[in-house]
Protein chains: 2
Amino acid sequence: MDGAEQQQEGGEQKLSKKQLNKLAKQQKKQEAKEASAAQSQQQEQKGDEEDVSAGKYGTYGLIQSGEVKDIKFTELKDIDESMHGQDIWVRGRIHAIRAKGKTCFIVLRSGVYTLQIGVFVTEKVSKAMLKFVSAVSRESIVDIQGTVQKVDAPVESCTQKTVEVHAFELWVVSAAKGQLPLQIEDAMRRAPTEEELANDKENKLATVNLDTRLDNRVLDLRTITSQGIFAVQDGIGYHFRRLLRQRGFREIHTPKIISAASEGGANVFTVSYFKGSAYLAQSPQLYKQIAIAGDFGKVFTIGAVFRAEDSNTHRHMTEFVGLDLEMAFKFHYHEVMLTIGEVLIGIFKSLQAEFADEIAAVNQQYPAEPFKFVEPALVLKFADAIALLRENGIEIGDEDDLSTPQEKFLGKLVRDKYKTDFYILDKFPLAVRPFYTMPDPHNPKYSNSYDMFMRGEEILSGAQRIHDPDFLTERAKHHGIDISKIQAYIDSFRYGCSPHAGGGIGLERVTMLFLGIHNIRLCSLFPRDPKRLTP
Amino acid sequence: MDGAEQQQEGGEQKLSKKQLNKLAKQQKKQEAKEASAAQSQQQEQKGDEEDVSAGKYGTYGLIQSGEVKDIKFTELKDIDESMHGQDIWVRGRIHAIRAKGKTCFIVLRSGVYTLQIGVFVTEKVSKAMLKFVSAVSRESIVDIQGTVQKVDAPVESCTQKTVEVHAFELWVVSAAKGQLPLQIEDAMRRAPTEEELANDKENKLATVNLDTRLDNRVLDLRTITSQGIFAVQDGIGYHFRRLLRQRGFREIHTPKIISAASEGGANVFTVSYFKGSAYLAQSPQLYKQIAIAGDFGKVFTIGAVFRAEDSNTHRHMTEFVGLDLEMAFKFHYHEVMLTIGEVLIGIFKSLQAEFADEIAAVNQQYPAEPFKFVEPALVLKFADAIALLRENGIEIGDEDDLSTPQEKFLGKLVRDKYKTDFYILDKFPLAVRPFYTMPDPHNPKYSNSYDMFMRGEEILSGAQRIHDPDFLTERAKHHGIDISKIQAYIDSFRYGCSPHAGGGIGLERVTMLFLGIHNIRLCSLFPRDPKRLTP
């Protein structure tokens, strides 16, 4: 592409010569700085002895895509005894480093995998190199070339237990600068018991509090716990889509900026919209329903959902990821409810089959019973749940909604009786559900609606929706809703609409409850609550 | 579950008897209304003659999940000559209906498929039934039982051309009420030429303007064009994820509510956040980058992106769906750029292989040349593109950004010269890119950044990002940015970060340009622009 080169020499309308020079200087300065450590190192020993490692260590300088190096890297997770004696290249972070005399041991980390690296002064490795290596800061990213060695005793501190690598070349790719605000090891440590703490004279069992971890999320995400949590979360989304697609669902995208507050205007964020104002959607429900009335048949959508609730609990956030679905059915909403149950059970099975290591890693920090479920999903009628609670001493009315402690207690009772952490509660009292919920045809005190629970906490709320505009109008009036404000919603059903039902699941809640973690903020990359908007 | 039934008889704390009675009455009234048409129909002919079709037509009444009917439905798309003589049940909408004497023909529609239904007065079908059927309104959903019949001449008006169904049972599932604000046929008609219009004496070539279509999106979504567009859009998301997963990417979710405006505060929506205020994210870039610094390696995210731009063009919306990705690389950002190119080409190939019918259906209304591409993707240097434009009479400086007409013209030139509607433009002038863009190491006038184009319009913008905090600070200062406002962003790179690059794609733009449609609003289920916030 010679034309390009020639033209680059030409006119300099946009950047003045002065600016260009400045820029060039900036770059040079940068490169010089990056390389200086290695140079000074090598100068230091001039005249002393020849450095057998010269050109085999240092920093690359800023990787600016200036050249392509012909290096084939091996992933840490793929290194085992079968590779004994091979020379390989690896890239990873300095997780831990410890030098003593003529040896230096590094724990190199890449994702959830760790490998022991030994650097020993030999005929191939100079003292100068050892000195350079020993000074590389924790969390720096390095490229290492070395020879794979089988070990006699397992390396307990690493995931790759049967091998280590004896390094003879090491380059700093990106240096961690300055003091780390937290240690990775501390951020992923199980909270010690009081007894353990009392015996911890050398403060070896330090942990990091939640706010510090979240403030320094860029470090906290590197812990094996976080890596495991978000691998599982990714798996939930993947299998949710996979299982719905198998069943003929299509993915849609619904707007987050809406003109009218969806359910009466409580708990909704207001947005300045040019000269007017708008709101952030609390749920994609209206839009999923229009998609059904628009003949999409079976739809799902995964996206941000907003709740302006001033709730500072372990399970509320102001923004979370909704896994929402809606489905036209032929005659009975159980067609939909049971489909959702199947999909959730399919997700649990896939997670347990594919993420055993990640689940175990997370449970190291947050011990939990394995998630139990039965197949097909247990379906309990609301009235039966009330009976079960009453048998166990809870006073509750037929049409009372469950309080959070009652849900938790019910979860325990159900687990004892039915051996499952997941179940569906069907036929909620009509009085506690929104106006668009279809009443039970056989008993008007109840409704065609359901919640689903994991470890005693609600993860999904759903129902058959009223698809007849006249009946919907009557029910809205019954609830005292101003019809003029929801006329567009009602009119969506005026041109014929399939009977349909659906529900919405909170992705972070499913992640939290499946893993048995006790705070939802750990299951959101960048959680938002009334008090946290950063990072 | 007898317990449940018993308890339902019990206390009525929540709804008073009066309320319950009212509710029961509402339901009864509804059911009565729904069934009345059929009854009056059947009463009308009492004493006249026996109705051989009695109990074989009418309305179901409101489907409230009161019972499960044991009916096996056949999908319209699956009906062909091999089923000749079989009695089947189908559910669909009345797309068109035409009665004459003792016959009635219906075009039944389900999704993009249509089937001809014949209703003939015979020993199995009464005059009364024919009368009832003839009065069912367009767009109503019906269940039909009938016999599959091979036809001699193809049914030109339907997708199922070799068969029709002779009905002997018909039930209204959900009636379309009142006048339709637009006709489905009109909303999906290709804009007639002036000549065609001049000859259209009977107004048979009516079309529906965009605003009316969007105002009545629930009907407009039912057109074969809309069904095709959103099937293709679903396919884009599906294959984007599939191809990235194959390459080791993981899906993440980034917050939409942020504490600071990402790029200087222009074009950003403000949100009231409890007692303070916040902003809507214009891009997930910062968060993707933290994920990279947090050792996620390769990430993608699909979600809403917000731009408070007062642009009322064919290709701008205030909210759209971003397909974003970010990837750590070893030595050169081309590792990333070429991965994105591969993924996009993989998407195009899959769409053409899987959605030929949908593409053809959309092109019936919006004629377009098939989308052309070469494999591997064509990569042009920015400077070469400038040269090509100059050769063709455009005056443009080396470091000028391309205007929209120049992009379009360049698209034509590239298509003529290289036979591709898709290409990558690499090495943009540094001056026209954001401060965090990595400068070209060989020529500081240029940068390690790229755009990708389809049919001459930009669909992706991306770059290698600066991953060194000191250099990033220098570049931000050079751009006159207040460092204190982006300190958290800069600090994300302080603890070591892999070199990385990425980009963001607009889902609706890819849909629009792949299909050759001329307005992005048609490719968003519920488009948002400065003037539209509904439905």
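Per chain, numbering begins at 1; letters A, B, ... match sequence-line order.
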Test Asp491(B) against Val218(A) for side chain to side chain contact (heavy atoms under 4.5 Å, CB included), laying out the working first. CA-CA 9 Å; Asp491(B) 286 345; Val218(A) 68; over 6 Å; no
Examine distances only and state if a side-chain atom of [X] and a backbone atom of [Y] form a donor-acceptor pair shorter than 3.5 Å.
X: Gln227(A); Y: Gly294(B); answer: yes
X: Arg250(A); Y: Asp234(B); answer: no
X: Arg91(A); Y: Ser498(B); answer: no
X: Glu251(A); Y: Gly237(B); answer: no
X: Gln64(B); Y: Met438(A); answer: no

Which of [options] touches chain A most, by non-hydrogen pairs under 4.5 Å:
options: Tyr333(B), Phe73(B), Phe320(B); answer: Phe73(B)
options: Val68(B), Ile257(B), Val271(B), Leu221(B); answer: Ile257(B)
options: Gly297(B), Ser174(B), Ala488(B); answer: Ser174(B)
options: Ser492(B), Cys497(B), Gly303(B), Ser110(B); answer: Cys497(B)
options: Phe306(B), Phe331(B), Tyr489(B); answer: Phe331(B)
options: Lys275(B), Glu335(B), Gln233(B), His467(B); answer: His467(B)

Given that the side chain runs from C-beta out, which part of [X] has a heavy atom under 4.5 Å from chain A: side chain, backbone, both or neither?
X: Ile71(B); answer: side chain
X: Leu219(B); answer: side chain
X: Asn448(B); answer: side chain
X: Arg241(B); answer: side chain

Between chain B and each of [options], count heavy-atom pairs under 4.5 Å; write down the option with the most.
options: Ser137(A), Ala293(A), Ala304(A); value: Ala293(A)
options: Phe382(A), Phe493(A), Tyr287(A); value: Tyr287(A)
options: Val172(A), Thr534(A), Ile302(A), Asp310(A); value: Asp310(A)
options: Pro429(A), Gly178(A), Ser226(A), Ala231(A); value: Ala231(A)
options: Asp220(A), Thr270(A), Ile252(A), Leu180(A); value: Thr270(A)
options: Pro181(A), Pro530(A), Pro535(A); value: Pro530(A)

What part of Ala501(A) is in contact with chain B, defined as an atom under 4.5 angstrom from a non-hydrogen atom: side chain, backbone, both or neither? neither
Under 4.5 Å from any heavy atom of chain B, what part of Arg138(A) do you find: side chain, backbone, both or neither? neither
Using the rule given for side chain to side chain contact (heavy atoms under 4.5 Å, CB included), can you reason through Lys330(B) versus Asp143(A), listing the C-alpha separation, both sets of side-chain angles and the distance that settles it, and then say yes or no? CA-CA 10 Å; Lys330(B) 292 291 193 288; Asp143(A) 280 356; 5.6 Å; no
Side chain to side chain contact (heavy atoms under 4.5 Å, CB included), that's the test. Do Glu319(A) and Lys256(B) meet it? Break it down for me. CA-CA 8 Å; Glu319(A) 177 180 344; Lys256(B) 310 306 169 216; 3.3 Å; yes
The criterion is ring-ring contact (aromatic ring centres under 6.0 Å, His included); which residues satisfy it with Phe329(B), sequence neighbours excluded? none
Side-chain contact test, heavy atoms from C-beta onward, threshold under 4.5 Å: evaluate it for Ile258(B) versus Leu533(A) and give yes or no. no
Student check: side-chain heavy atoms of Pro499(B) and Val173(A) closer than 4.5 Å: yes
Taking every heavy atom of Gly496(B) against every heavy atom of Ile141(A), the minimum-distance pair comes out as C-CD1, 4.2 Å
The residue among His334(A), Gln464(A), His442(A) that forms side chain to side chain donor-acceptor pair (under 3.5 Å) with Ser65(B) is Gln464(A)
Trace of the side chain to side chain contact (heavy atoms under 4.5 Å, CB included) decision for His253(B) with Leu507(A): CA-CA 10 Å; His253(B) 300 278; Leu507(A) 174 61; 3.6 Å; yes
Between Phe269(B) and Phe274(A), is the ring centre distance below 6.0 Å? yes
Can Asp468(A) and Lys177(B) be said to form a salt bridge (charged side-chain N to carboxylate O under 4.0 Å, His left out), step by step? CA-CA 10 Å; Asp468(A) 179 89; Lys177(B) 297 175 180 183; 2.8 Å; yes
Between Ser140(B) and Tyr495(A), is there a side-chain donor-acceptor contact under 3.5 Å, judged purely by atom types and distance? no
Looking at Arg109(B) and Asp295(A), does any basic side-chain N land under 4.0 Å from a carboxylate oxygen? yes
Lys/Arg-Asp/Glu bridge criterion (N-O < 4.0 Å) met for Arg494(A), Glu139(B): no
Should the pair Phe296(A) and Phe230(B) be assigned to parallel (<30°), tilted (30 to 60°) or perpendicular (>60°) ring geometry? tilted
Within 6.0 angstrom of Tyr273(B) OH, more than 12 heavy atoms from elsewhere: yes
